[in-house]
Amino acid sequence: MAARYEILSLAGEDLSGKSSKELSELYNELLNDGMHGLCFSPYEEGQAPGDQLSVEQIKRRIEIIKPHTQWVRSFSCTEGNEMIPKIAKENGLKTLVGAWLGTDDEINQKEIEGVIEVAKAGHADIVAVGNEVLYRKDLTEDELLAFIYQVKDAIPDIPVGYVDAYYEFGFKPRITEACDVILANCYPYWEGCALEYSLLYMKDMFRRAMMAADGKRVIITETGWPDQGQVFHGAVPSHENAMKYFINTQLWSKQEDIEIFYFSSFDESWKTGDEGDVGAYWGIWDKDEKSKF
């Protein structure tokens, strides 16, 4: 299998001549061979952030994804999300555990307390303090730094970072300095890049994060491609494009030992509120937990 991957890579991952059946076969070989990391989608149809998650639904979804990934990324430590790392650990997976920060100080405090508690319980291999809060302008740089240092002081033996778009780390050197690890989101789709150039584009995103990191470990914490929804400039969602993007991403991850958390595990309909119709179609499995490809 490794030799087949190498041949495809040397050919420039040119998948344009492959049929849907051939793409599906290669996609599933890579999926079954396993990936570095996967972003965990806990919400069932009809649920959204704010709803309480059950142990049962987390366990069921962890069971589905665990043969296909080494790491799981969670995004919050409240409303049942704090159970995800424990259940992942019980299933032999490593964990990147996030505290979701926003504009509500009371919720932020609960998230920080929750992520510290999860880490002290031994359920976090890496901690992410916030996700794109600077991009959304939910917090100031000083407010975010205070949270990062609060968590670092509480769990000095666990790597702590912050997740944002890859370019933010070059613009915010104090944030980059505070992080033990740089956690970069890289989405060629959301920058309107055509599928044909998306891998080269992502490699450049990663290079820019590496330059800002100045020797620190860099992890791609989100990347993916939707299989349905609106065209975004040159980026076209489709079944085949989603498979091609996954294949290219996983080949690059394996061949160059790039740590990547793929987005996402399951389709979640609630995301259409922020992203439009495309938001519901980023999963490897659909909203009913069936494999899409």
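Side chains are part of it too, since the values below use all heavy atoms of this structure and drop only hydrogens, waters and symmetry mates.
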With a 4.5 Å limit on heavy-atom distance, are the side chains of [X] and [Y] in contact?
{"X": "Val278", "Y": "Trp190", "value": "yes"}
{"X": "Cys179", "Y": "Val160", "value": "no"}
{"X": "Ile112", "Y": "Gln150", "value": "yes"}
{"X": "Met211", "Y": "Asp214", "value": "no"}
{"X": "Ile182", "Y": "Glu168", "value": "no"}
{"X": "Ser198", "Y": "Tyr189", "value": "no"}
{"X": "His68", "Y": "Asp33", "value": "no"}
{"X": "Pro188", "Y": "Glu191", "value": "no"}

Closest non-hydrogen atom pair between [X] and [Y], with its separation:
{"X": "Tyr162", "Y": "Val133", "value": "OH-N, 3.1 Å"}
{"X": "Ser19", "Y": "Glu22", "value": "N-OE1, 2.9 Å"}
{"X": "Met202", "Y": "Cys186", "value": "CG-CB, 4.1 Å"}
{"X": "Ser265", "Y": "Ile65", "value": "CB-CG2, 4.1 Å"}
{"X": "Pro42", "Y": "Glu268", "value": "N-OE2, 3.3 Å"}

Pair [X] + [Y], salt bridge at N-O below 4.0 Å:
{"X": "Glu177", "Y": "Arg174", "value": "no"}
{"X": "Arg217", "Y": "Glu259", "value": "yes"}
{"X": "Lys172", "Y": "Asp164", "value": "no"}

Working to the nearest 0.5 angstrom, can you tell me the gap between [X] [atom1] and [Y] [atom2]?
{"X": "Leu139", "Y": "Leu145", "atom1": "CG", "atom2": "CG", "result": "10.5 Å"}
{"X": "Tyr197", "Y": "Asp204", "atom1": "OH", "atom2": "CG", "result": "15.5 Å"}
{"X": "Phe263", "Y": "Cys39", "atom1": "CZ", "atom2": "SG", "result": "6.0 Å"}
{"X": "Ile219", "Y": "Glu222", "atom1": "CD1", "atom2": "CD", "result": "13.0 Å"}
{"X": "Ile148", "Y": "Glu141", "atom1": "CD1", "atom2": "CD", "result": "9.0 Å"}
{"X": "Ile258", "Y": "Ser253", "atom1": "CD1", "atom2": "OG", "result": "7.0 Å"}

Tell me which pairs pass salt bridge (charged side-chain N to carboxylate O under 4.0 Å, His left out) where either residue lies in residues 41-55, with sequence neighbours left out.
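Salt bridge (charged side-chain N to carboxylate O under 4.0 Å, His left out) check on residues 41-55 returns Glu44-Arg60.
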Any pair with a residue in residues 97-108 that passes salt bridge (charged side-chain N to carboxylate O under 4.0 Å, His left out), sequence neighbours left out, goes on the list, sorted by first then second residue, please.
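Listed once each, the pairs are Glu106-Lys110.
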Listed by chain and number, what are the side-chain contact (heavy atoms from CB on, under 4.5 Å) partners of Glu111, not counting sequence neighbours?
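Listed in chain order: Ser76, Cys77, Thr78, Ala99, Trp100, Leu101, Ile107.
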side-chain contact (heavy atoms from CB on, under 4.5 Å) with Asp286: which residues, sequence neighbours excluded?
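Scan of Asp286 (side-chain contact (heavy atoms from CB on, under 4.5 Å), adjacent residues dropped) gives Asp267, Asp288, Lys290, Lys292.
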Check the side chains of Ser54 and Gln57 for a donor-acceptor pair under 3.5 angstrom, ignoring hydrogens and angles.
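Yes, because at least one side-chain N or O of Gln57 sits under 3.5 Å from a partner of the opposite role on Ser54.
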Residue pair Asp277 / Thr272, side-chain donor-acceptor N/O under 3.5 Å
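Checked: Asp277/Thr272 side chains show no N/O donor-acceptor pair below 3.5 Å.
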[X] side chain to [Y] backbone, donor-acceptor under 3.5 Å:
{"X": "Asn32", "Y": "Asn28", "value": "yes"}
{"X": "Thr176", "Y": "Phe169", "value": "yes"}
{"X": "Asn241", "Y": "Val236", "value": "yes"}
{"X": "Asn91", "Y": "Ile62", "value": "no"}
{"X": "Lys216", "Y": "Met210", "value": "no"}
{"X": "Lys244", "Y": "Leu23", "value": "no"}
{"X": "Ser74", "Y": "Ile84", "value": "no"}

Check step by step if side-chain contact (heavy atoms from CB on, under 4.5 Å) holds for Met35 and Leu38.
CA-CA 8 Å; Met35 67 189 89; Leu38 193 54; 3.9 Å; yes
Ring-plane angle category for Phe246 and Tyr27, please: parallel below 30°, perpendicular beyond 60°, tilted otherwise.
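Answer is tilted, since the angle falls between 30° and 60°.
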Taking the six-membered ring where the residue is Trp, are the ring centres of Tyr262 and Trp282 under 6.0 Å apart?
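No - the distance between ring centres of Tyr262 and Trp282 does not fall below the 6.0 Å cut-off.
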With clusters built from Ile, Leu, Val, Met, Phe, Trp and Tyr whose side-chain heavy atoms come within less than 4.5 Å, directly or transitively, what are the remaining members of the cluster of Tyr201, listed by chain and number?
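Once heavy-atom contacts under 4.5 Å are chained together, Tyr201 belongs with Tyr135, Tyr166, Tyr167, Phe171, Met205.
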Gln47 vs Gln52, test: side chain to side chain donor-acceptor pair (under 3.5 Å). Steps then yes/no.
CA-CA 9 Å; Gln47 290 183 324; Gln52 183 69 25; over 6 Å; no
Should [X] and [Y] be counted in the same cluster of Ile, Leu, Val, Met, Phe, Trp and Tyr side chains packed under 4.5 Å apart?
{"X": "Ile175", "Y": "Leu96", "result": "no"}
{"X": "Trp270", "Y": "Leu53", "result": "yes"}
{"X": "Phe75", "Y": "Ile126", "result": "no"}

Positive for side chain to side chain contact (heavy atoms under 4.5 Å, CB included) with Arg73, one of Val97, Asn131, Leu183
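Answer to the side chain to side chain contact (heavy atoms under 4.5 Å, CB included) test with Arg73 among Val97, Asn131, Leu183: Asn131.
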Tabulate below the donor-acceptor pairs under 3.5 Å that side-chain atoms of residues 113-123 make, not counting sequence neighbours, or state none.
none

Begin with the C-alpha distance, continue with both residues' side-chain angles, and end with the deciding distance and a verdict on salt bridge (charged side-chain N to carboxylate O under 4.0 Å, His left out) for Lys86 and Glu90.
CA-CA 6 Å; Lys86 180 177 186 292; Glu90 290 169 352; 2.6 Å; yes
Listed by chain and number, what are the ring-ring contact (aromatic ring centres under 6.0 Å, His included) partners of [X], not counting sequence neighbours?
{"X": "His233", "value": "none"}
{"X": "Phe266", "value": "Trp285"}
{"X": "His36", "value": "Trp71, Phe261"}
{"X": "Tyr245", "value": "Trp225"}

For Lys21, enumerate each residue passing the side chain to side chain donor-acceptor pair (under 3.5 Å) test, keeping only those at least two apart in sequence or located in another chain.
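With sequence neighbours excluded, Lys21 shows a side chain to side chain donor-acceptor pair (under 3.5 Å) to Glu25, given in chain and number order.
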Taking salt bridge (charged side-chain N to carboxylate O under 4.0 Å, His left out) as the test, write out the residues that go with Glu132, two or more places apart.
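Partners of Glu132 under the salt bridge (charged side-chain N to carboxylate O under 4.0 Å, His left out) test: none.
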Report the C-alpha separation of Thr69 and Leu93 in whole Å, then their side-chain angles, then the decisive distance to 0.1 Å, and conclude whether the side-chain contact (heavy atoms from CB on, under 4.5 Å) test is met.
CA-CA 8 Å; Thr69 188; Leu93 299 171; 4.3 Å; yes
